[in-house]
Protein chains: 2
Amino acid sequence: MPGRDVTLGTIQRELTAFARRARHKAAQIHPDLSLVTYSMLDHMQASGGCRGIDLAEHFLLDKSTVSRQTAVLERLGLIVRAADPADRRGQILRPSAAGLRLLEEAHRQRRETFEERLADWGDEDLERFAGYLRRYNAEG
Amino acid sequence: MPGRDVTLGTIQRELTAFARRARHKAAQIHPDLSLVTYSMLDHMQASGGCRGIDLAEHFLLDKSTVSRQTAVLERLGLIVRAADPADRRGQILRPSAAGLRLLEEAHRQRRETFEERLADWGDEDLERFAGYLRRYNAEG
DNA sequence: TAAACTCAGATGTATTATGCAACTGATTGG
DNA sequence: CCAATCAGTTGCATAATACATCTGAGTTTA
């Protein structure tokens, strides 16, 4: 087994390579949405609606960037805004019907891409991989 | 165990979240180098020297982007160029002494960051995680 | 061998994501 | 009720990136 240092280097390097590739692929799959913008939409759904500031914290982005990207999503009709009943300074952002359709379609395409790439992975390896990633991100 | 689709979704989502965070952290660690530019330097070392076109293929970037980023690295004195003896159209790019020092320092800082984050991971989990990532990227 | 093609790299130009700073409106707390 | 806080927006500057084009060096072929 290689040393811990070498392994850490591998993890960093491979995760970075993934990041680049994901961005590239995302640009093909949803041409009008950047990877981050798409991920914001996804997060809105996964969290059952959230505020812009939540997105900024989750993705480590400036709130101005979030504001602009949500503006894009709104212009495309992919989200709806609602006043936050708990604090009327904020707005709850949710995918619109069109946004949900886009997510559905993106999931489908992603499934194809990933299935192709991960076809020969056993369910157990896949699940363990997902578990490691979840664990890794959770510890930030 | 969750379904394969759900697991694939988790992998995609977590990898994407990582990508954003990595970019953010990289901006702190090496202020004058973007994550990708730093990764290029790292790849030059890991591969024992490579051409610009190799970097473009590896990171799925346009060669013009690579050209500009390598220009940045050269301006900072972090790389040296040498004619490719096998094909004199190309240039072999390698970290300079200063580039190696920067990598060394970055590795040290990364080790601290990752060690903090991955402190409670056993060597076996760490190695398996690295293995999954390598395998994942290799299948592209 | 000369001409046509290929390839790595560089450059011009436009787009886009991003961060910081300043501002607005609304809420909350002392 | 006034000061502090907070979510969001906008102005401005910078940087990464892609696409198209150009250049110079190799390679292939007629």
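Proteins get letters first, then strands, A, B, ... in listed order; numbering begins at 1 in each. Below, all heavy atoms of this structure are taken into account, side chains as well, without hydrogens, waters or symmetry copies.
The stretch residues 31-51 of chain B comes close to DNA chain D through B/Ser34, B/Val36, each having a heavy atom under 4.0 Å from the strand.
A donor-acceptor pair is defined here as one N or O able to donate and one able to accept, closer than 3.5 Å; such a pair exists between the side chain of A/Thr70 and the backbone of A/Val66.
With rounding to the nearest 0.5 angstrom, the CZ atom of B/Arg68 is 12.5 Å from the CG atom of B/Leu61.
Between B/Leu33 and B/Leu78, the closest side-chain pair of non-hydrogen atoms falls below 4.5 Å.
Legend: residues meeting salt bridge (charged side-chain N to carboxylate O under 4.0 Å, His left out) with B/Arg128, ordered by chain and number and at least two apart, are B/Asp125. A/Tyr132 is linked by a ring-ring contact (aromatic ring centres under 6.0 Å, His included) to B/Trp121, B/Phe129, counting only residues two or more places apart in sequence or in another chain. Shown here are the salt bridge (charged side-chain N to carboxylate O under 4.0 Å, His left out) partners of B/Glu104, two or more places apart in sequence or in another chain: there are none.
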Requested in this report: Applying side-chain contact (heavy atoms from CB on, under 4.5 Å), run through A/Arg81 and A/Gln91 and close with a yes or a no.
Outcome: CA-CA 6 Å; A/Arg81 308 172 111 105; A/Gln91 307 160 5; 2.8 Å; yes
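Looking at B/Arg134 and B/Glu127, a side-chain N of the basic residue comes within less than 4.0 Å of a carboxylate O on the acidic one, giving a salt bridge. Here B/Arg89 does not pair with B/Asp84 in a salt bridge; the nearest charged N to carboxylate O distance is not below 4.0 Å.
A side-chain donor-acceptor contact under 3.5 Å links B/Thr37 and B/Ser34.
Judged by closest nucleotide on DNA chain D, A/Gly90 is the one of B/Val72 and A/Gly90 placed further toward the 5' end.
For DNA chain D, the outermost nucleotides in 5' to 3' order that have an atom under 4.0 Å from a heavy atom of chain B are D/dA16 to D/dG26.
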Report task. Classify every nucleotide of nucleotides 19-30 of chain C by which part a protein heavy atom approaches to under 4.0 Å, writing B for the base, S for the sugar-phosphate alone and - for neither, in 5'-to-3' order. Result -> BBB----BB---
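Protein atom CG of A/Leu55 is 16 Å distant from nucleotide atom C1' of C/dT18, rounded to whole Å.
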